[in-house]
4 protein chains.
Amino acid sequence: MSVMTGGNRVSGGERGSGRRAELLSIAAEMFAVRGVAATTVREIADEAGILSGSLYHHFESKEAMVDEILRGYLSAQLERFRRVVEAGYEPYTTVGELIHESFAALHRHRWAMAILHNEAGRLAEFDRFGYIESANREFERIWVRVLRQGQRNGVFRAGLSPRLAHRFIRDSVSASVRWYNPSGRMSVRGIAEQYTRIFRDGMVAPGGE
Amino acid sequence: MSVMTGGNRVSGGERGSGRRAELLSIAAEMFAVRGVAATTVREIADEAGILSGSLYHHFESKEAMVDEILRGYLSAQLERFRRVVEAGYEPYTTVGELIHESFAALHRHRWAMAILHNEAGRLAEFDRFGYIESANREFERIWVRVLRQGQRNGVFRAGLSPRLAHRFIRDSVSASVRWYNPSGRMSVRGIAEQYTRIFRDGMVAPGGE
Amino acid sequence: MSVMTGGNRVSGGERGSGRRAELLSIAAEMFAVRGVAATTVREIADEAGILSGSLYHHFESKEAMVDEILRGYLSAQLERFRRVVEAGYEPYTTVGELIHESFAALHRHRWAMAILHNEAGRLAEFDRFGYIESANREFERIWVRVLRQGQRNGVFRAGLSPRLAHRFIRDSVSASVRWYNPSGRMSVRGIAEQYTRIFRDGMVAPGGE
Amino acid sequence: MSVMTGGNRVSGGERGSGRRAELLSIAAEMFAVRGVAATTVREIADEAGILSGSLYHHFESKEAMVDEILRGYLSAQLERFRRVVEAGYEPYTTVGELIHESFAALHRHRWAMAILHNEAGRLAEFDRFGYIESANREFERIWVRVLRQGQRNGVFRAGLSPRLAHRFIRDSVSASVRWYNPSGRMSVRGIAEQYTRIFRDGMVAPGGE
DNA sequence: TATGAATGAGGGTTCATTCAT
DNA sequence: CATGAATGAACCCTCATTCAT
């Protein structure tokens, strides 16, 4: 029976109990690698060395874990994007910085990025995860604004659709989370440089065609 | 999904019983939109107007449905890629054609592409779906070969990593399946043109920086 | 995760599959004797000789089973009460008939009555069971009307609160479901006669006090 | 509830630590309103402003809390009934006094009465709560004796079954605990008077039928 | 006394799959 | 080909209880 007055524990607060962050980190990796639905709470608990029921001492539900992981990433990343914009560089530089920040997240928030890339579509449908779409809209606003400004300045090609260009960048960066291997040969910095180069100048050599 | 590499009874052949193709099409869309794991066989059956048990007269398992959907797409797409290469254009043109074929698939094999983009990582682990990685490797071989050739000819930038460039293109095209709306303002052709432009020449206007 | 588009099976229809009624009858007795919350679906299934999951082929949930049991009783009983009222007897006789019907239900709808008596308070809070209070209100309306009419006719004591009298009768009949034993010495008819006697004339002998 | 007839450590004594009585009072209300099984120890602790684990410094178990609540009520009420009987009134008066004491308990031991009415059947099965049936038997003995005596004296109707009459009275008084509202219009005294009237003289007006 | 982390058993429910009809 | 009843394993979550601090 789902009909129960049920408790109203808090358990959400920011009392960074250490243990909490540890559990969240374990869960984030598993959610990213196996998928949220395909990761069972027992598996998370096993990995943490506790019983599945004990997880509920720390989190209200599996959903709440996902929620906390994504919220942390999105709010931090939005904050960084806003700071870039407020620095008031020219569009060319700003775009470079935004790309830089995006790849930096690949390092800092790898699992959250992966989860978001893989499951945003499914999650966004639920009220609880409404903030995902809000955040996405703000990311787009920021990108579109700077791209348009660059087009007015003549630094970016006029025929380009800013919204399409934004999706282009966003998708290619996000998708890379799937194959990026932190201990591989290719560093984040290396990938970022190559990608930025393509975004800016394309693959064709000067005087190529 | 238990992924039992079990028997491959009769259900395989291309004796398109019509009903079979119809069921597969229903399933493909649901797998793409909701995710394979999140789509239950009952939901597929409901949508088809039959009972879930009846699906098993047409397909061995849910897995088998996914299998058939992906196999159809991959073999057709590989065939098209091979034909492009065998036409023997110059690298610049070949790359254009490959991109064109990729976007054409967005139209022809929308659901299969989406499923593959979303679940390849998870599926590829199972023996049954080993062919996914084989196919991906062949796609990569084709791309890398033509990009290298273009670099030798001086048409593509020398500093570029062909494998990275391949992933870049593959990911940005694949990811677009998530937001592409066939009845929206942006046509596949329009998206393809803009993306090709960026791949080739970047976003910066000539003499921009 | 509770967030799922979830199916919308019907399974509710009146296709009296026999099996369905059988399962419901098993459940009703257990709910009545042990309490709804204390009866597990596994226990019900055990008693029916199937697995717990199989119950969900017939009913959407445990709650739905309770629902069906109670609805059946309440609608049938309301119908009988309405018919009594429509017969247009005098108040004295009508009250007798209502009491008679109440005790008849002790026989016909024993388990449903017990469940209702034991759990109405808890269940009525949930929207799904809102009809319980509606039904109770209608029962009360019927009782209060006939008692008032009898007071006006001078057949029932004037000082009596009709609502209180209704509760009095309702509670004493309902509570008897707890100790009533169909195979015991005391028949429903016997209990009904004694109770009716007390309701009408009290325990004190004529000229007693 | 596991009902382990385990050790009866120290926690029993009446050394009313104040806090203890307070916790018990909180629990009693919750047990009465939501049901024993449906009330979690965490909810009780929440209401008391402590953590659930801390409850176990005061009580051995949830069961022990129920036990203490019921024991308190039953022993006090039995005591009062015995005193009424020992006063040696005539049956007519004694019955009035017993009813009076029953309704007085509605005021004094409201929650305990409710718990007993709602869960006696379930609890009585466990050894630990064997005293419930003992107490009930003694209540019955008292009632039956005075009713029989009244019948011999000619003050109560001869055809009446004393045991049935006892249940009748007991059930209607007990059940009223469910709808009795201490801050409502109807006082305990008022209810008691009306009920006593019905018990004694019925609802029919003198010369009514 | 109180905390807070953990236990362990069990609860309702879901779902791919089987199979007699 | 389709039905519908059943399986059996797994899933998320709950809760009374314990215990080191």
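Chain identifiers are assigned alphabetically (A, B, ...) following the order of the sequence lines, protein sequences preceding nucleic acid strands; residue numbering begins at 1 within each chain. Since the model is a prediction, treat every value here as computed from it, not as a measurement.
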Can you tell me the distance, in whole Å, between the CG atom of C:Leu55 and the C1' atom of F:dG8?
14 Å
Go through E:dT13, F:dT17, F:dC12 for me and flag the one nearest to the D:Lys62 side chain.
F:dT17
Separation of atom CZ in C:Arg20 from atom C1' in F:dA6, rounded to whole Å:
16 Å
D:His117 vs C:His117 aromatic rings, parallel, tilted or perpendicular, using cut-offs 30° and 60°?
perpendicular
With respect to the phosphate group of F:dC1, does any side-chain polar atom (N or O) of B:Ser54 fall under 4.0 Å of OP1 or OP2?
no
Given atom CZ of C:Phe31 and atom P of E:dG11, what is their separation to the nearest angstrom?
13 Å
Whole angstrom value for the distance that separates C1' of E:dT17 from CD of B:Glu63:
12 Å
Between D:Arg110 and D:Glu29, does any NZ, NE, NH1 or NH2 come within less than 4.0 Å of an OD or OE carboxylate oxygen?
no
Going by heavy atoms in the side chains, are B:Ile44 and B:Leu23 under 4.5 Å from each other?
no
Counting just side-chain N and O atoms, does D:His57 come under 4.0 Å of either OP1 or OP2 of E:dT3?
no
Sugar-phosphate only, base, or nothing, as touched by A:Leu51 at under 4.0 Å among non-hydrogen atoms:
base
Nucleotide nearest A:Arg19 when distance is taken to its side chain, options E:dT14, F:dC15, E:dA6
E:dA6
Closest-nucleotide 5' rank along DNA chain E - winner of A:Arg42 and B:Gly53
A:Arg42
Range-with-range stems of DNA chain F (Watson-Crick or G-U pairs under 3.5 Å, three or more in a row):
E:2-21 with F:2-21
Side chain of C:Val41 (C-beta onward), nearest among E:dT17, F:dC11, E:dG12:
E:dG12
Base, sugar-phosphate alone, or nothing: which one does A:Ser52 contact when heavy atoms must sit under 4.0 Å apart?
base
Rounded distance in Å - CD (A:Glu43) to P (F:dA9)
17 Å
Donor-acceptor under 3.5 Å (D:Asp67 side chain, D:Glu63 main chain):
no
Between F:dA5 atom C1' and C:Leu23 atom CG, what is the distance in whole Å?
10 Å
Starting from C1' on E:dT3, measure out to CG on D:Asp46 and report it in whole angstrom.
14 Å
Establish, with yes or no, whether the OP1 or OP2 oxygen of F:dT14 is under 4.0 angstrom from a side-chain nitrogen or oxygen of A:Tyr56.
no
Over how many whole Å does the gap from D:Glu22 atom CD to E:dA2 atom P extend?
10 Å
